[in-house]
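Computed over heavy atoms, backbone and side chain alike; hydrogens, waters and symmetry mates excluded.
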Amino acid sequence: MTSDRSVCDLTATALARALAKGELSSRDAVEAHLARIASLDSQLAAFVTVICDAAPTRVGPLHGVPIGIKDLTDTAGVATTYGSALFRDHIPSEDDLGVARFRRAGAIILGKTNTPEFGFGAVCTNKLCGPTRNPFDPVLTSGGSSGGSAVAVAAGMVPLAHGTDFGGSVRTPASFCDVASIRPTPGRIPAPHRPLGWDMLATHGFLARGVDDLELALSICGGGDVHDPLSIGVVNEDRPVAVRPRIAATPDFGIAAVARDVRARFAAACEALGAVADVVPSAPDCGGAIEAFRTLRAAHIANGYGELLKSRRAELTPTVIWNIEAGAKLSAEDYLNAERRRTAIYRSFRELFSRADFLVAPAASVLPWPNEISDVTTIDGAALETPIDYLAVTFIVSLVGFPVLTLPAPRAENELPFGIQIIAPPGCESRLFAFGRTIENKLGFSHRWPQLP
């Protein structure tokens, strides 16, 4: 029989093939991954809750494949805390649609992965669990807010995990933990219970050790739902990837604070991409993007959590309190001016893609920092205006709603993980996956295992 070690080394697609061929039983796959969790999670704290939710009969393309679900997302009959002590005992009666689609495909949920309270925080910790530690150096952060999912995948506790991404919450942990991620076009994965139906800042996403797994996950969870107006409007704009694609490259979108060591790593990644693509320095006009995102994000958080702050303030973390209060004094004019700026930036992105197949940028503005530092307040000694500004290199993409694939960049043995964002126009996920496979296989933009016990 295949050893536990090699079972946990398999990608989700490879594991699904082995299970379909009868080379491995789902019991063996589950037991191997549960053993890995038992061995490592006391050190890494990737999971808030560990369960075993088996599909009784063969039902779909992920039958028997273990996965993790971020603890911001409802799972029927399984504790969903949203990273908050206020919801320590909360057990939803209904699955989120994406979770339901995973279950129907035969996936086995092994647990809920850790997240900061309500997903707000640079370090993946809360009053229930954490900090989630980076498997490449447990002193360092895994990144917020899908850090639990990133670590679970990077360490082989599951081959595939779900995440959510508002300003970079899938992409930053993926960069820090040397795994791949996808933040699809908003609406590609429906959210029919989202209170603000036209809100496109936050999306579901996935983390895995390879592009094929991300594409498989999106094929399972994607597809329209009449109760999500964004999902009805998703148009597939894909065309075949050019033999030698045109890539626009920017380290900072012209406005984001990015550390010197990240700029150097990104330059090396762009040089490597030159082997298969024409890479030209270029960026859309993103003037005002930071201020626009701050305003829109603050307004959404204040609207969603303002009542909780009034009634349960003492039980909330300082990060959550800051995030809610940031939007308390905004006016309708502030909000609409931010939307006006957002529209102009979207159109500038569209103009850039009239002359480029992809836009690439760093997947994080800094490298992983120690867990005891709760927020990034400076970059290279320069103070940031707010605690979220270190995410500008990712939240600019969230602002305009373009799909983005991240992949680990090639690195020396002694270097910390670092990833790149590969951005395409809305509806062009297939183009991203095709190009991602090329550089994953030909250029080494791929996951490397941490040294684990």
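Residues G156 and W449 share a closest heavy-atom pair of N-CZ3, 3.6 Å. Of all the heavy atoms in E429 and P403, the pair that sits closest is OE2-CB, 3.7 Å. Nearest heavy atom pair, residue G168 against residue S398, reads N-OG, 4.4 Å. In terms of heavy-atom proximity, V179 sits nearest to A208 at CB-O, 3.4 Å. Of all the heavy atoms in V151 and A46, the pair that sits closest is CG1-CB, 4.0 Å. Taking every heavy atom of both residues into account, P408 and H447 meet most closely at CG-N, 3.9 Å.
For the residue pair T295/D334, the side-chain donor-acceptor check at 3.5 Å is not satisfied. Side chains of T164 and K70: a donor-acceptor N/O pair is present below 3.5 angstrom, by distance only. Judged purely by distance below 3.5 Å, without hydrogens or angles, the side chains of T132 and S142 never pair a donor atom with an acceptor atom.
Classification of the F435-F358 ring pair by plane angle, with boundaries at 30° and 60°, yields parallel. Under the 30°/60° scheme for interplanar angles, the aromatic rings of F118 and Y305 are found to be tilted. Below 30°, between 30° and 60°, or above 60°: for Y346 and F402 the angle between ring planes is above 60°, a perpendicular geometry. Note: F87 and Y82 have perpendicular aromatic rings, judged against thresholds of 30 and 60 degrees for the angle between ring planes.
Ion pair R448/D178 not flagged as a salt bridge, since none of the NZ, NE, NH1 or NH2 atoms sits closer than 4.0 Å to an Asp/Glu carboxylate oxygen. The pair E117-K127 fails the salt-bridge criterion, with no side-chain N (NZ, NE, NH1 or NH2) lying under 4.0 Å from an Asp/Glu carboxylate O. Ion pairing between a basic and an acidic side chain is recognised when a charged N comes within 4.0 Å of a carboxylate O; R246 and D357 show such pairing.
Residues T386 and I290 have side chains not in contact (no heavy-atom distance under 4.5 Å, counting atoms from C-beta outward). I67 is listed as a side-chain neighbour of I109, based on a closest heavy-atom distance under 4.5 Å. For the pair I439/V276, a side-chain contact is recorded, criterion being any heavy-atom separation below 4.5 Å from C-beta on. Taking the side chain as every heavy atom from C-beta outward, F293 and L201 approach each other to under 4.5 Å. Side-chain contact between L15 and T11 is absent, with no heavy-atom pair separated by less than 4.5 Å. By the 4.5 Å heavy-atom criterion applied to side chains, S145 and F166 are not counted as neighbours. Looking at I301 and F120, their side chains come closer than 4.5 Å, going by heavy atoms from C-beta outward. Proximity of D252 to R263: side-chain heavy atoms (C-beta onward) are separated by under 4.5 Å at one or more points.
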Discussion item. Walk me through whether R313 and E325 qualify under salt bridge (Lys or Arg N to Asp or Glu O under 4.0 Å).
Written reply: CA-CA 11 Å; R313 182 187 185 101; E325 289 183 337; 2.8 Å; yes
Item to complete: Dump the intermediate steps for side chain to side chain donor-acceptor pair (under 3.5 Å) on T406 and S181, then the final yes or no.
Response: CA-CA 5 Å; T406 75; S181 77; 2.6 Å; yes
Discussion item. Apply side-chain contact (heavy atoms from CB on, under 4.5 Å) to residues W322 and T317 and explain how you reach the verdict.
Written reply: CA-CA 9 Å; W322 178 87; T317 61; over 6 Å; no
Discussion item. Walk me through whether T75 and R103 qualify under side-chain contact (heavy atoms from CB on, under 4.5 Å).
Written reply: CA-CA 10 Å; T75 42; R103 290 195 206 257; 4.1 Å; yes
Discussion item. With salt bridge (Lys or Arg N to Asp or Glu O under 4.0 Å) as the criterion, how do R355 and E351 come out once you've worked through the C-alpha distance, each side chain's angles and the decisive distance to 0.1 Å?
Written reply: CA-CA 8 Å; R355 48 191 166 82; E351 190 280 326; 3.0 Å; yes
Discussion item. As a quick check of understanding, evaluate side-chain contact (heavy atoms from CB on, under 4.5 Å) for L62 and L160, giving each step before the final call.
Written reply: CA-CA 10 Å; L62 278 179; L160 173 67; 4.3 Å; yes
Discussion item. What verdict does the side-chain contact (heavy atoms from CB on, under 4.5 Å) test give for Y335 and L330, after you've listed the backbone C-alpha separation in whole Å, the side-chain angles of each residue and the deciding distance to 0.1 Å?
Written reply: CA-CA 7 Å; Y335 190 90; L330 292 172; 6.0 Å; no
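Between the CZ atom in R437 and the CD atom in E215 there is a gap of 4.5 Å [rounded to 0.5 Å]. Taking CZ from F102 and CG from L97, the interatomic distance works out to 11.0 Å, rounded to the nearest 0.5 Å. The distance from the CG atom of L44 to the CG atom of N134 is 9.0 Å, given to the nearest 0.5 Å. Of the inter-residue distances, the one linking D165 atom CG with T203 atom OG1 reads 5.0 Å to the nearest 0.5 angstrom. For the atom pair CD1 (I69) and CG (L110), the distance works out to 10.0 Å, reported to the nearest 0.5 Å. To the nearest 0.5 angstrom, R341 atom CZ is 12.5 Å from L296 atom CG.
Evaluated for a side chain to side chain donor-acceptor pair (under 3.5 Å) with K112, the options D71, T81, T73 yield exactly one hit, D71. Looking at D225, D199, D228 one by one, the single match for salt bridge (charged side-chain N to carboxylate O under 4.0 Å, His left out) with R194 turns out to be D228.
Judged by distance alone, the side chain of N126 and the main-chain N or O of L128 form a donor-acceptor pair under 3.5 Å. A donor-acceptor contact shorter than 3.5 Å links the side chain of R209 to the backbone of L10. D213 places a side-chain N or O within donor-acceptor distance of the main-chain N or O of A12, the cut-off being under 3.5 Å. Between the T172 side chain and the G143 main chain, no donor and acceptor come within less than 3.5 Å of each other. Judged by distance alone, the side chain of S365 and the main-chain N or O of Y390 form a donor-acceptor pair under 3.5 Å. Between the side chain of R101 and the main chain of G223, a donor-acceptor pair closer than 3.5 Å is present. Side chain of S219 to backbone of L216: a donor-acceptor contact under 3.5 angstrom is found. Under the 3.5 Å distance criterion, the side-chain polar atoms of T185 are left unmatched by any main-chain donor or acceptor of P426. At least one donor-acceptor pair under 3.5 Å links the side chain of E440 to the backbone N or O of V211. Between the side chain of R244 and the main chain of A277, a donor-acceptor pair closer than 3.5 Å is present.
With a 6.0 Å radius and a threshold of 12 heavy atoms from other residues, nucleotides or ligands, Q451 has its CD atom at or below the threshold.
Taking D261 as the reference, nothing meets the salt bridge (charged side-chain N to carboxylate O under 4.0 Å, His left out) condition, with sequence neighbours excluded.
Applying the salt bridge (charged side-chain N to carboxylate O under 4.0 Å, His left out) rule to pairs touching residues 288-297 yields R294-E385, R294-D389, sequence neighbours excluded.
Stacking of R411 on the aromatic ring of F136 is recorded, both the 6.0 Å distance cut-off and the 45° axial limit being met.
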Contacts table for residues 417-425: side-chain donor-acceptor under 3.5 angstrom, sequence neighbours left out:
unit_1: Q421; atom_1: OE1; unit_2: R171; atom_2: NH1; d: 2.9
unit_1: Q421; atom_1: NE2; unit_2: P362; atom_2: O; d: 2.8
unit_1: Q421; atom_1: NE2; unit_2: V393; atom_2: O; d: 2.8

